[in-house]
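All of these numbers come straight from a predicted model, not from anything done at the bench.
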Amino acid sequence: MACPTCGCWAGQIHGTYLRYPRGPPTAGRLVVVSLRVRRIVREEESCQRKTFTEQVSGLTCAFGRRTERLRSTLVPVCLALAGRVGARMADTFRGRLLPDSGVTPHS
């Protein structure tokens, strides 16, 4: 797996952990993905990053609590209906946003 900072190959696995990104509702039911990801250790001295976590392209992003699909559904709602109205509408999608939080590109 390539380091996201320097692009060099890093192959030693430090450990694994579970992530639970929330997805868009399906048939009115809440969807939560159970995803086991690997934490990779960098031994290259020239790279500032010592560890990083693998990302699943199109599904997760770094520090994200939602899947890319749910994020892309919520962004137009938050942009069009900011504040409390947007938070109430996002709750329809089970996005559960705070009125002043909105959706950032990495949320």
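In this structure, T26 has no side-chain hydrogen bond (donor to acceptor under 3.5 Å, both in side chains) partners at least two apart in sequence or on a different chain. For C8, the side chain to side chain contact (heavy atoms under 4.5 Å, CB included) partners at least two apart in sequence or on another chain are C6, R42. R69 meets the side chain to side chain contact (heavy atoms under 4.5 Å, CB included) test with P24, T67; sequence neighbours excluded. For T5, the side-chain hydrogen bond (donor to acceptor under 3.5 Å, both in side chains) criterion is met by R49, not counting sequence neighbours.
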Identify all side-chain donor-acceptor contacts of residues 30-37 below 3.5 Å with residues at least two apart in sequence or on another chain.
residue	atom	partner	partner atom	Å
R36	NH1	T16	OG1	3.3

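Residues in residues 51-60 take part in these salt bridge (Lys or Arg N to Asp or Glu O under 4.0 Å) pairs, two or more places apart or across chains: R38-E54.
In the hydrophobic clustering (ILVMFWY side chains linked at under 4.5 Å, chained through shared members), W9 stands by itself.
Between V41 and H14, the shortest heavy-atom contact is CG2-CB, 2.9 Å. Across every non-hydrogen atom of C47 and C3, the tightest pair is SG-SG, 3.7 Å.
The side-chain heavy atoms of R65 and P21, taken from C-beta on, include no pair separated by under 4.5 Å. No side-chain heavy atom of I13 sits under 4.5 Å from any side-chain heavy atom of R39.
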Please evaluate residues T53 and I40 with respect to the criterion side-chain contact (heavy atoms from CB on, under 4.5 Å), reporting the C-alpha separation (whole Å), side-chain torsions for both, the decisive distance (0.1 Å), and the verdict.
CA-CA 6 Å; T53 303; I40 311 296; over 6 Å; no

